[in-house]
There are 2 protein chains.
Amino acid sequence: MAPCLPSGERRVSKNDKKIATRRMTLKTVAEVLNVSTATISNAFNRPDQLSAALREHILQECERLGYNGPNPAARSLRTGATGIVGVMLAERLAYNFRDGCATEFLQGVSEVLDDARINMLLMPGRDDFYQLQSLESIPDRYIVYGPPRDIGVINRIESQRKPVVTVDFSLPNHLSLNVDNYGGAKQAAKHVFSKMGAGPVAVIGLRLISSDYVGRIKDRALLDPIMSISRQRLEAYRDAAAEVGIEINGDQVWNTHESNWADGVKAAREALSATPRPQALFCMSDQLALAALSVARDLNIKVPDQLRIIGFDDIPEARRSHPAVTTVYQPSIEKGRLAAMMVLHPDRYESRVLPTQLHIRETG
Amino acid sequence: MAPCLPSGERRVSKNDKKIATRRMTLKTVAEVLNVSTATISNAFNRPDQLSAALREHILQECERLGYNGPNPAARSLRTGATGIVGVMLAERLAYNFRDGCATEFLQGVSEVLDDARINMLLMPGRDDFYQLQSLESIPDRYIVYGPPRDIGVINRIESQRKPVVTVDFSLPNHLSLNVDNYGGAKQAAKHVFSKMGAGPVAVIGLRLISSDYVGRIKDRALLDPIMSISRQRLEAYRDAAAEVGIEINGDQVWNTHESNWADGVKAAREALSATPRPQALFCMSDQLALAALSVARDLNIKVPDQLRIIGFDDIPEARRSHPAVTTVYQPSIEKGRLAAMMVLHPDRYESRVLPTQLHIRETG
DNA sequence: TTGAAAGCGATACCAC
DNA sequence: GTGGTATCGCTTTCAA
């Protein structure tokens with residue numbers, strides 16, 4: 001079908017065929033443009049290795065030819081780096097999209113990474129995800145947000161010998177970023193006791209034990225304070241109670257599995273039907289406190305007159321609710337930003353504990 | 001330093017040295033175990049190609065040697081696949097962690113992907129992210145959530161010829177998943193007019209124009225209904241208004257850039273100080289409606305007696321607020337789940353429009 | 001400034 | 001069921 005063309009035309013036609021037929025690679029582009037592969041590579045990776053004009057020309061031609069830049073798999077195989085930051089989450093991913101505190105943290109992380117043009121890979125903390133392939137080798141650096149459910153993934157990450165920043169827990173020989181859970185919780189509890197004196201209290205805890213049980217912890221084994229921020233908060237509540245001469249035992253502490261409405265309502269309902277009824281509820285998240293507040297309303301219990309409620313985190317809803325929730329502020333977004341900066345420049349930072357701050361509002 | 005050992009020992013020593021010295025690759029493992037590389041590869045990828053006993057042995061040895069499985073870069077270079085699903089977001093990542101509707105969507109997506117042991121890569125919809133490397137070649141399939149800010153990334157994705165599911169907008173030749181924005185918005189507006197008759201109204205819109213301007217749209221150019229769910233909702237409000245004989249013009253429509261408290265407060269404040277004051281506020285998200293509600297409270301305007309407010313999305317806070325917000329429910333989590341299933345099995349699904357549903361509560 | 005060539009780590013075909 | 005080997009696309013040294 002194709003008419004016979006003069007040789008000049010034929011050459012173009014040959015190139016066009018190359019363009020139409022093959023998938024574009026650095027090599028085909030080099031052939032079409034009649035330069036070496038090294039030159040194309042340099043155009044993308046080392047602007048200083050060739051003239052600005054040539055680089056510009058190459059980049060334009062690549063665009064025209066539909067070559068979008070070096071293949072990341074090949075590049076990363078060659079260089080051993082991907083430029084991706086892994087964000088290892090303690091649980092399933094879905095949980096982190098549900099929890100206000102986690103999303104604020106991720107927001108902070110993504111702000112910094114986005115600005116730096118760095119991609120982030122969200123990784124679940126479950127072993128089965130990494131079993132048959134070493135997914136953990138994709139990122140160049142890691143932010144580990146909370147102790148992963150399966151300890152195996154920690155080993156996999158450590159064996160990579162890449163920069164790691166742990167958040168809300170610590171690992172030997174790695175940068176860590178924590179928040180003053182104990183101090184904040186203690187201050188809040190002391191405030192409550194200073195208002196109400198030594199009365200009965202209950203704690204609505206969050207993942208104090210490793211199962212998904214929701215209810216009184218009684219004498220169940222609790223997670224270690226080193227790995228569990230909730231445990232740190234619990235000890236603070238207990239110490240504050242001890243200072244006014246009362247003891248918080250396992251019958252007055254509820255466990256929830258997730259910081260959500262349903263768990264909060266269930267725990268608060270149980271706690272508020274205990275005898276004697278608690279005069280204060282120490283909740284380990286604002287979400288739980290908000291749920292407790294709604295239960296109190298249903299039960300016609302006046303807050304704060306008959307019941308004081310304190311939360312933790314200081315999410316926006318805590319401030320906006322009526323009555324507004326007294327809570328311990330932690331800088332979640334800032335924590336995310338800082339974690340990202342730390343992992344990008346490990347040498348410029350040291351491990352830190354960020355301050356928390358009691359925000360006294362209407363519920364406690 | 002090493003003492004002279006009998007040859008049997010020496011062989012072990014040689015292997016140990018291999019173990020200690022080299023980074024583990026499929027090849028070194030094969031050498032140490034004295035089998036071929038193909039066999040190791042098969043142990044990980046094709047259990048049927050070797051005896052169960054041998055496979056078990058190999059897997060155990062790999063674990064002992066600290067070989068965590070095939071390198072994803074090398075594997076993906078060879079096979080052309082990564083098993084990763086890309087979730088392309090319209091804007092910066094941070095925005096999606098801030099917006100209740102987006103996080104619900106992501107929650108749905110991640111539930112399905114997590115269960116399927118598939119990793120997801122969140123990708124910003126900005127061109128500059130992909131400029132010097134074809135990051136878009138990493139995922140095997142794409143969910144595109146809302147029209148990307150830069151149209152260039154669409155081209156990059158399309159040139160990959162991989163399964164694509166678009167959400168909240170459509171692209172020729174790709175599966176799409178939408179929600180009945182027009183129907184829901186119209187039903188809500190009609191409900192409001194049926195209650196209050198033909199009075200002055202205002203619209204608090206969300207990204208109706210492409211800039212980050214917050215204020216009256218007046219006669220600014222609006223985004224096309226094909227690409228903008230907000231525009232679809234606006235047309236629905238207008239049509240419902242027309243049915244009772246009133247017109248909603250650019251002076252009665254506010255634009256916000258983000259569905260957040262600050263933008264909502266600003267727009268609502270302006271809208272409620274207009275003359276004549278609107279008797280109804282049609283808000284394009286619950287977050288905006290909640291902000292408007294709080295402004296009304298500040299201004300001592302009785303809701304719903306003096307002002308009706310309707311939202312969109314039906315996020316949990318809408319239900320829990322006092323008064324509870326009348327809104328249009330859209331199945332965000334389900335939308336996420338479905339998008340994930342569609343992208344995993346494109347052949348089993350067709351493009352769909354999910355129904356929305358008016359939830360009449362107290363504000364409108 | 002450019003070109004040739006080695007090799008990153010794995011897979012899959014084909015022969016045994 | 002196992003072993004040899006070409007190849008995926010790129011980066012980088014070295015020499016020209």
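In what follows, chains carry the letters A, B, and so on, assigned in the order in which the sequence lines appear, proteins first and then strands, with residues in each chain numbered from 1.
The CG-P distance, from B:N34 to D:dG1, rounds to 20 Å in whole Å. For B:K27 and D:dG4, the NZ to P distance is 12 Å, given to the nearest whole Å. Rounded to an integer number of Å, the gap from CG of A:N42 to P of D:dC14 is 15 Å. The CG-P distance, from A:N45 to D:dC10, rounds to 10 Å in whole Å. Across the protein-nucleic acid pair, A:M24 atom CE and D:dG9 atom P stand 12 Å apart, rounded to whole Å. Atom CD in B:Q49 sits about 10 Å away from atom P in D:dT2, given to the nearest Å. To the nearest angstrom, P of D:dC8 lies 14 Å from CG of A:L26. As a whole-Å value, the separation of A:R75 CZ from D:dG9 C1' is 11 Å.
Proximity of A:Q160 to A:S137: side-chain heavy atoms (C-beta onward) are separated by under 4.5 Å at one or more points. Here the side chains of A:S351 and A:V165 are not in contact, with every heavy-atom distance at 4.5 Å or above. Side-chain contact between B:K335 and B:D168 is present, with at least one heavy-atom pair separated by less than 4.5 Å. At least one side-chain heavy atom of A:F44 sits under 4.5 Å from a side-chain heavy atom of A:L59. Looking at B:P139 and B:V85, their side chains never come closer than 4.5 Å, going by heavy atoms from C-beta outward. With a 4.5 Å cut-off on side-chain heavy atoms, A:Y67 and B:S159 do not count as touching. Side-chain contact between A:L106 and A:Y145 is absent, with no heavy atoms from C-beta onward closer than 4.5 Å.
If you walk DNA chain C from 5' to 3' and mark each nucleotide with an atom closer than 4.0 Å to a heavy atom of chain A, the marks span C:dT1 to C:dG9.
B:D48 comes within 4.0 angstrom of the backbone, heavy atoms only, and of no base. Using a 4.0 Å heavy-atom cutoff across all strands shown, B:Y67 reaches sugar-phosphate atoms only and no base atom. Counting non-hydrogen atoms under 4.0 angstrom, B:L54 reaches the backbone sugars and phosphates but no base.
Counting only heavy atoms from C-beta on, A:A74 has its side chain closest to D:dG9 among D:dT11, D:dG1, D:dG9.
Here the closest heavy-atom approach between residue B:M342 and residue B:E350 is recorded as CE-O, 3.6 Å.
Phosphate proximity of D:dT2 to B:T39: absent, as no side-chain N or O sits under 4.0 Å from OP1 or OP2.
In this structure, A:L77 and B:A52 both approach DNA chain D, and ranking their closest nucleotides by distance from the 5' end singles out B:A52. Residues B:T79 and A:A38 both approach DNA chain D. Their nearest nucleotides, taken by heavy-atom distance, put B:T79 toward the 5′ side.
Counting only residues at least two apart or on different chains, the salt bridge (Lys or Arg N to Asp or Glu O under 4.0 Å) pairs with a member in residues 135-153 of chain B are B:E136-B:R156.
Atom CG of B:L65 sits about 5.0 Å away from atom CE of B:M24, to the nearest 0.5 Å.
The C1' atoms of five pairs define one axis at each end of the helix from C:dT1-D:dA16 to C:dC16-D:dG1, and these two axes lie 30° apart (to 10°).
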